[in-house]
Amino acid sequence: MRNIAFIFIVIVSLACANNSTKAKTSSSAKKKNLTKIDVPHFNADSAFSFVQTQVDFGPRVPNTAEHIACANYLSEKLTSFGADVIVQEAEVRAFDNTLLNAKNIIGQYKPELNNRILLFAHWDTRPFADHDEDKSKQKQPILGANDGASGVGVLLEIARNLQNKDLPIGIDIIFFDAEDYGTPDFEGAQYKADTWCLGSQYWGKNPHKENYYAQYGILLDMVGAPNATFNRELYSLQFAPRVVKKVWKTAEALGYGNYFVYEKGGMITDDHVYVNKYLNIPCIDIIQHDPSTDSNFGSYWHTHDDTMENVDRNTLKAVGQTVLEVIFNEN
Ligand code: AHN
Ligand code: ZN
């Protein structure tokens with residue numbers, strides 16, 4: 001009898017001890033949520049290598065073998081980082097009536113949650129170098145290290161950091177295709193409306209899920225140039241002023257205020273415009289603004305100089321760490 005009583009006491013006290021440790025961890029975890037969240041470390045070398053791998057395929061122009069090979073790489077990479085991947089095949093018409101076999105690559109984290117954030121970039125590269133000084137090479141496709149690969153590289157590194165993380169929100173990472181097939185600036189080419197951003201236009205009209213919605217979206221475009229500055233783009237300010245404020249303030253707090261400057265930029269027709277237009281998701285564009293060049297996008301924009309030499313780990317880090325900080329502070 002005594003033995004039984006003893007065993008009973010031991011069991012009860014063990015159960016209590018177990019409960020109290022549980023209570024302790026959950027209250028300290030709660031506290032942690034309110035004060036400091038563990039935001040993962042964005043590894044700039046890793047992001048850089050994701051940019052390099054894309055560039056190593058060569059230009060990623062729709063309807064080419066290199067384009068298909070890179071699409072496979074991107075969807076495999078997202079899958080390996082724990083995302084539920086959908087490759088949306090889209091037939092879209094280019095400015096010159098070419099039928100493009102485009103692929104929007106969609107990586108979903110916690111697809112069951114309604115509260116979501118959308119991160120996106122374009123993964124295709126421009127079929128022309130219409131801003132290159134050498135006229136004889138203007139009809140050749142560009143490598144798009146900054147214009148294309150940089151945004152995707154940053155998002156792949158973010159995806160790597162999302163695996164096995166228990167965020168209270170869902171995240172979608174979309175790599176849009178056929179962004180950069182817009183009417184060329186050659187003499188004689190005729191302007192046509194809505195010839196850029198063909199992949200995001202298609203997705204906006206045919207989202208991968210019925211009634212798809214996200215709290216907000218962040219587009220990364222040309223986020224790798226050395227000493228890039230990201231001005232507050234005007235459509236972003238119009239569509240999603242609070243998101244601009246949150247992102248720029250976060251960057252400043254992390255010490256990246258030299259990249260995220262408070263000057264206003266231009267109005268840029270980019271994928272965020274169509275996500276706003278068709279799905280009413282407030283979106284911003286983090287895009288390089290360089291007022292010292294004619295294009296405002298930097299001297300290598302749409303030229304054969306858009307190579308790895310013009311991609312800098314520090315810029316990738318500033319953008320990637322800022323976006324990670326923003327999404328890990330959502331709840
Ligand atoms: C226009 O030049 C109309 N929009 C810029 C979008 C873009 C092109 N982003 C990268 N390449
Ligand atoms: Zn471009």
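These numbers come from a predicted model, not from an experiment. First listed ligand is number 1; within each ligand, the first listed atom is number 1. For reference, positions follow the sequence shown, starting with 1.
Between the Zn ion (ligand 2) and H122 there is no N/O/S contact shorter than 2.8 Å. Counting backbone and side-chain atoms alike, D180 contributes an N/O/S atom closer than 2.8 Å to the Zn ion (ligand 2). Among the backbone and side-chain atoms of E179, none of the N, O or S atoms lies under 2.8 Å from the Zn ion (ligand 2).
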List the steps, then state whether side chain to side chain contact (heavy atoms under 4.5 Å, CB included) holds for R313 with D45.
-> CA-CA 7 Å; R313 288 173 176 78; D45 289 323; 2.7 Å; yes

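Computed with the Zn ion (ligand 2) at the centre, the D147 OD2 to H302 NE2 angle is 100°, stated to 10 degrees.
Checking side-chain atoms of N146 against main-chain N and O of G224 turns up a donor-acceptor pair under 3.5 Å. N206 contributes a side-chain N or O that, together with a main-chain N or O of Y202, makes up a donor-acceptor pair within less than 3.5 Å.
Residues D124 and K103 are not paired through a salt bridge, judged by the lack of any N-O separation under 4.0 Å between the basic side chain and the carboxylate. Looking at K249 and E252, no side-chain N of the basic residue comes within less than 4.0 Å of a carboxylate O on the acidic one, giving no salt bridge.
Under the side chain to side chain contact (heavy atoms under 4.5 Å, CB included) test applied with V243, the options L237, V326, I284 reduce to a single match, I284. Just one residue in the list F175, Y212, Y278 forms a ring-ring contact (aromatic ring centres under 6.0 Å, His included) with W203, and that residue is Y212.
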What are the polar N/O contacts of ligand 1 with the protein below 3.5 Å, with distances?
from     : atom 1 : to   : atom 2 : distance (Å)
ligand 1 : 4 (N)  : T269 : O      : 3.0
ligand 1 : 9 (N)  : E179 : OE2    : 3.3
ligand 1 : 9 (N)  : D221 : OD2    : 2.7
ligand 1 : 11 (N) : D147 : OD1    : 3.3
ligand 1 : 11 (N) : D147 : OD2    : 3.2
ligand 1 : 11 (N) : D180 : OD1    : 3.1
ligand 1 : 11 (N) : D180 : OD2    : 3.3
ligand 1 : 11 (N) : H302 : NE2    : 3.4

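Taken together through direct or relayed side-chain contacts under 4.5 Å among Ile, Leu, Val, Met, Phe, Trp and Tyr, L74 and F48 form part of one hydrophobic cluster.
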